[in-house]
Amino acid sequence: MENPENNEGWVQLYRWAVTERDTAKLVIRISEAQDAIKHRTRELWYAGAEGHEELNRLHAAFRYLDILRAFGSRGRGQAA
């Protein structure tokens, strides 16, 4: 898994996941993004950043990736 060094590295992995058109790679991209989100969430938690705006973004992104994973197996990326 690619691990960008800056604190917003999870954002890039998230973007790659939500724009992935290859259904074979989608699950991998989602897993990478969710791992990065979990890691960043732990960093913020240990830093005592309750209520931090980034935490809201992290939680929303994680939930969206769960939805994407559920629907991704139903032909995401195919022409309508």
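Numbers here simply count residues along the sequence, with the first being 1. Predicted model, so just to flag it, every value in this text is computed and none were measured.
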Can you tell me how far apart [atom1] ([X]) and [atom2] ([Y]) are? Round to the nearest 0.5 Å.
X     : Y     : atom1 : atom2 : result
Tyr64 : Ile30 : OH    : CD1   : 9.0 Å
Trp16 : Ile28 : CH2   : CD1   : 14.0 Å
Thr19 : Leu26 : OG1   : CG    : 10.0 Å

Just to verify, what does Arg15 make a salt bridge (charged side-chain N to carboxylate O under 4.0 Å, His left out) with, not counting sequence neighbours?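 Salt bridge (charged side-chain N to carboxylate O under 4.0 Å, His left out) list for Arg15, sorted by chain: empty.
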
Closest approach of Ala61 and Trp10, non-hydrogen atoms and distance?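 Residues Ala61 and Trp10, closest heavy atoms: CB-CZ3, 3.7 Å.
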
When clusters are formed by joining ILVMFWY residues with side-chain heavy atoms under 4.5 Å apart, either directly or through shared neighbours, do Leu65 and Phe62 land in the same one?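 Yes.
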
Does Gln34 form a side chain to side chain contact (heavy atoms under 4.5 Å, CB included) with Leu13? I'd like the steps, not just the answer. CA-CA 9 Å; Gln34 286 186 322; Leu13 292 170; over 6 Å; no

Leu55: partners by side-chain contact (heavy atoms from CB on, under 4.5 Å), with sequence neighbours left out: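 Once residues adjacent in sequence are excluded, the partners of Leu55 under the side-chain contact (heavy atoms from CB on, under 4.5 Å) criterion are Thr41, Leu44, His52, Leu58, His59.
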
Walk me through whether Arg57 and Glu8 qualify under salt bridge (charged side-chain N to carboxylate O under 4.0 Å, His left out). CA-CA 11 Å; Arg57 292 174 35 219; Glu8 293 288 319; 2.8 Å; yes

Who else is in Tyr46's hydrophobic cluster (ILVMFWY, side-chain heavy atoms under 4.5 Å, direct or via others)?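 Noted: Tyr46 shares its cluster with Trp45.
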
Taking it one step at a time, do Arg40 and Glu54 satisfy salt bridge (charged side-chain N to carboxylate O under 4.0 Å, His left out)? CA-CA 9 Å; Arg40 182 63 182 149; Glu54 187 180 359; 2.9 Å; yes

Can you list the steps and then say if Glu20 with Lys25 is a salt bridge (charged side-chain N to carboxylate O under 4.0 Å, His left out)? CA-CA 7 Å; Glu20 182 60 63; Lys25 293 179 183 176; 5.2 Å; no

